[in-house]
Structures are given as structure tokens and as C-alpha cells.
*Asks:* 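Take a look at this one; I'll ask things after.
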Amino acid sequence: MELGFIGTGALTAAIVTGLKSLADNPVSVLLSPRNEDIAASLASRYPDVRIASDNQAVLDNSETVMLAVRPQIAHDVLSALRFRRDHRLISLIATLSLKDIESLTAPAGHVTKALPMPMIAHRLGATIICPPDQGAGALFGRLGKVIEVADAGEFDALSVATATYASYFKYLETIHSWLTRHGVGEGIARDYIASLFKALGAAPETSPDADFRHLAQDYATRGGINEQVLRELTAHNMFEAFAESLDGIHRRITGDTK
């Protein structure tokens, strides 16, 4: 299988790295030359990863192609390319609808959307796919959990969750900075925070009958320190502001200008 990539950014690098970490890895990869540093790094690490002369060369030499260009330039890049009916396209562009992708890539006969997370490089996390697609599901299924949905609105809503990564790490960085200002060594603070939140991340699986609201209640012991922080953040409308940010991302993804 020859897997092509139009766009060679961090997500492309994560997918290729994940694929190449598999013991049974029959996929050869053809990269677009955009972002020369990432493309050159991948090609130097893996003998069956090659760099095409341009984006059109990726299409001309691949049947399955992932579209991984930045949303700001996607229209210009894709509209300049010649697609074939036998192309199987997987769009990783969150802010372009399936209809938009199909229009820009006609006459390509098969188009689906997928949104993996960067930790796919380590075969961790989940990839959402819409509409369900056997080929895309099989490929991403080797790299982590796959969640396939048939409804585009559901996919768009799930996509909003991927906008929260940086805020999550800023949350952890705030805790880390507070600890170091109070005399905790940087390495100890980092290890402790990582261990804490790895354990908390497992809570939904170890308590499958508890939803997130009930987990918050369980951890907010009455009169305890967790309850105090939760109460104070709530009083400052932190969670309302967060929900408003998610609304804004949803409007951006769906193109809703209201």
C-alpha cells in the first residue's frame, strides 16, 4: 500500500511515526515536500518514506491520500490539484466539511473525514471517522481506538474536543509553576503531576457507571480542598467561559456565522 500525504505537519509526522512503530508495517509513504524539515526527518528515519517533487506527484503515485494541509490554505492547495476517480481520500482538515472536500477534490470517488490526536505517534488516543469507512477504520485501528460516526453534526461536535489540548496542558503548567514557586523541584513536580493526571484519566474506565458530573461530585468531598477549588472556579465563571470557547470553536468548524 502506498499512502500519500498532502501536507507534512505535526499530525502527518505523528501518523507516520505511529505506522512505522508497528512490527507488521506494509505501508510505504509518499510525502508532499511542504515543511521540508519534517519531511526530511521522516524520510531519513524510515527507508520506505519518500518525498515527492510536489503535491500533484503525491496524487499521481498514490491511491489512498490523506489531506493534511492547514485550513487557511486548504482551498487554494486542493483546488490547484488534479484528482482521479479511484482516489480514496481521508481529510484531516477539521474546519472543512465533507461536502466542501468533495467539491474541491472532484472527481475523487471516495472521501471520508478523520481526526486523530498527536499521541497517535505512540499508538495512544482515539481517532474519529465520518462516515464509517472500512479502510480508514482498519488503518487507524492499528494505532489506537477508532470511533466511527455516520452523522456529520456528531463528528463536528466531537471535533470541538480536540481544541482543548493546549488548555489542558496550560492547566497542568499552572499547577507545576505553583509547586515550583513553593519549593518543589521541577522534576519532582512534573513527575507527580503526570502521575496524578494519568490516574485521574483512568477514572472513567475504572468507574464506567459514573458520568463526569458524578465523578466531580465524588472527588469534591464536602468541606474538602477539592470542593473549595471547584467552588471558587465556578464562582469566577471559569467553566461558563470554557463552554463559550467551545461554542466558538463549534461555529468555526461548522461555518456558522450567527
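The figures here come from the full heavy-atom set of this structure, side chains too, leaving out hydrogens, waters and symmetry mates.
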*Asks:* What about Phe140 and Val16, same hydrophobic cluster or not, with Ile/Leu/Val/Met/Phe/Trp/Tyr joined at side-chain heavy-atom distances under 4.5 Å?
*Replies:* yes

*Asks:* Is there a donor-acceptor pair under 3.5 Å between the side chain of Asp151 and the backbone N or O of Glu154?
*Replies:* yes

*Asks:* Assess whether side-chain contact (heavy atoms from CB on, under 4.5 Å) is satisfied between Val27 and Leu22, documenting all intermediate values.
*Replies:* CA-CA 10 Å; Val27 178; Leu22 295 168; over 6 Å; no

*Asks:* Should Leu3 and Met66 count as side-chain neighbours, where that means a heavy-atom distance under 4.5 Å?
*Replies:* yes

*Asks:* Treating Ile, Leu, Val, Met, Phe, Trp and Tyr as nodes and any side-chain heavy-atom pair under 4.5 angstrom as an edge, say whether Leu19 and Leu31 lie in one connected cluster.
*Replies:* yes

*Asks:* With the 4.5 Å side-chain cut-off for hydrophobic clustering, are Ile101 and Phe155 part of the same group?
*Replies:* no

*Asks:* Quick one, Thr17 and Arg45 - any side-chain contact, counting heavy atoms below 4.5 Å?
*Replies:* yes

*Asks:* I'd like to know whether Val58 forms a side-chain contact (heavy atoms from CB on, under 4.5 Å) with Phe5, so could you lay out the CA-CA distance, the side-chain angles of the two residues, the decisive distance to 0.1 Å, and finally the verdict.
*Replies:* CA-CA 7 Å; Val58 174; Phe5 285 84; 5.7 Å; no

*Asks:* Going from CD1 on Ile51 to CD on Glu36, what distance comes out if it is rounded to the nearest 0.5 angstrom?
*Replies:* 8.5 Å

*Asks:* Is a donor on one side and an acceptor on the other found under 3.5 Å between the side chain of Arg142 and the backbone of Asp24?
*Replies:* yes

*Asks:* Any chance CZ of Phe197 has more than 12 other-residue heavy atoms, nucleotides or ligands included, within less than 6.0 Å?
*Replies:* yes

*Asks:* For Pro71 and Thr95, work out which heavy atoms get closest and say how close.
*Replies:* CB-OG1, 3.0 Å

*Asks:* How about Glu63 and His110: do any of their side-chain heavy atoms sit closer than 4.5 Å?
*Replies:* no

*Asks:* Quick check for you: to the nearest 0.5 Å, what is the distance between Ser28 atom OG and Tyr46 atom OH?
*Replies:* 15.0 Å

*Asks:* Give a yes or no on whether the backbone of Leu104 and the side-chain of Ser79 come within a donor-acceptor separation of less than 3.5 Å.
*Replies:* no

*Asks:* Donor-acceptor pair, Ser62 side chain versus Leu59 backbone, under 3.5 Å?
*Replies:* no

*Asks:* In terms of hydrophobic clustering (I, L, V, M, F, W, Y; side-chain heavy atoms under 4.5 Å; direct or indirect links), are Ile225 and Tyr219 co-clustered?
*Replies:* no

*Asks:* Give the C-alpha distance, both sets of side-chain angles, the deciding distance and a yes or no for side-chain contact (heavy atoms from CB on, under 4.5 Å) between Thr164 and Leu246.
*Replies:* CA-CA 9 Å; Thr164 64; Leu246 298 181; 3.8 Å; yes

*Asks:* Would a distance-only check, ignoring hydrogens and angles, find a side-chain to backbone donor-acceptor pair under 3.5 Å from His176 to Ala189?
*Replies:* no

*Asks:* Taking the side chain as every heavy atom from C-beta outward, state whether Lys20 and Val29 have any pair of such atoms under 4.5 Å apart.
*Replies:* yes

*Asks:* Okay, side chain of Thr234, backbone of Leu230: is any donor-acceptor separation there less than 3.5 Å?
*Replies:* yes

*Asks:* Should Thr127 and Leu143 count as side-chain neighbours, where that means a heavy-atom distance under 4.5 Å?
*Replies:* no

*Asks:* Between Thr8 (side chain only) and Ile38 (backbone N and O only), is there a donor and an acceptor less than 3.5 Å apart?
*Replies:* no

*Asks:* Taking CZ in Phe169 as the centre, count heavy atoms belonging to other residues, nucleotides or ligands within less than 6.0 Å. Is the count above 12?
*Replies:* no

*Asks:* Under 6.0 Å from the CZ atom of Arg252, do we count more than 12 heavy atoms belonging to anything else shown?
*Replies:* no

*Asks:* To the closest 0.5 Å, what do you measure between CD (Gln56) and CG (Asn61)?
*Replies:* 10.0 Å

*Asks:* Below 30° counts as parallel, above 60° as perpendicular, anything between as tilted: where do the rings of His87 and Phe83 land?
*Replies:* perpendicular

*Asks:* When rounded to the nearest 0.5 angstrom, what distance separates CD1 in Ile129 from NZ in Lys113?
*Replies:* 12.5 Å

*Asks:* Start with the C-alpha gap between Leu78 and Ile93, add the side-chain angles, then the distance that decides, and say whether side-chain contact (heavy atoms from CB on, under 4.5 Å) holds.
*Replies:* CA-CA 12 Å; Leu78 298 181; Ile93 310 168; 4.3 Å; yes

*Asks:* For Ala14 versus Pro118, what's the shortest heavy-atom pair and its separation?
*Replies:* CB-O, 3.4 Å

*Asks:* Please give me the minimum heavy-atom distance between Ile120 and Pro116, naming the atom from each residue.
*Replies:* CD1-CB, 3.6 Å

*Asks:* Nearest 0.5 Å please: distance from the CD atom of Gln217 over to the CG atom of Asp211.
*Replies:* 8.0 Å

*Asks:* Can you check whether Ser41's main-chain N or O pairs, donor with acceptor, with Ser44's side chain at less than 3.5 Å?
*Replies:* yes

*Asks:* Donor-acceptor check, side chain of His182 to backbone of Trp178, threshold 3.5 angstrom: yes or no?
*Replies:* yes

*Asks:* Can you confirm whether Tyr165 is buried at OH, in the sense that more than 12 heavy atoms of other residues, nucleotides or ligands lie under 6.0 Å from that atom?
*Replies:* yes

*Asks:* Quick one, Tyr171 and Ile193 - any side-chain contact, counting heavy atoms below 4.5 Å?
*Replies:* no

*Asks:* Applying a strict under-4.5 Å side-chain criterion to I, L, V, M, F, W and Y, I'd like to know whether Leu96 and Leu115 cluster together.
*Replies:* no

*Asks:* Can you confirm whether Gln134 is buried at CD, in the sense that more than 12 heavy atoms of other residues, nucleotides or ligands lie under 6.0 Å from that atom?
*Replies:* no

*Asks:* Less than 4.5 Å apart, any side-chain heavy atom of Asn226 and any of Thr221?
*Replies:* no

*Asks:* Using side-chain heavy atoms (C-beta onward) and a distance below 4.5 Å, is Ile128 in contact with Ser159?
*Replies:* yes

*Asks:* Shortest non-hydrogen contact from Leu124 to Met117?
*Replies:* O-CG, 4.1 Å

*Asks:* Compare every heavy atom of Gly7 with every heavy atom of Ser32, then report the nearest pair and how far apart it is.
*Replies:* OG-N, 2.9 Å

*Asks:* Between the main-chain N or O of Ala203 and the side-chain N or O of Thr206, is there a donor-acceptor pair closer than 3.5 Å?
*Replies:* yes

*Asks:* When rounded to the nearest 0.5 angstrom, what is the spacing between CD1 in Ile188 and CD in Glu186?
*Replies:* 11.0 Å

*Asks:* In plain terms, say whether Lys170 and Glu173 are close enough for a salt bridge, that is, a side-chain N and a carboxylate O under 4.0 Å apart.
*Replies:* yes

*Asks:* Quick check: are there more than 12 heavy atoms from other residues, nucleotides or ligands sitting under 6.0 Å from CD of Glu232?
*Replies:* yes

*Asks:* Provide the closest heavy-atom pair for Leu215 versus Ser207 in the form atom of the first, atom of the second, distance.
*Replies:* CD2-CB, 4.3 Å

*Asks:* Under 3.5 Å, is there a donor on one side chain and an acceptor on the other for Asp247 and His250?
*Replies:* no

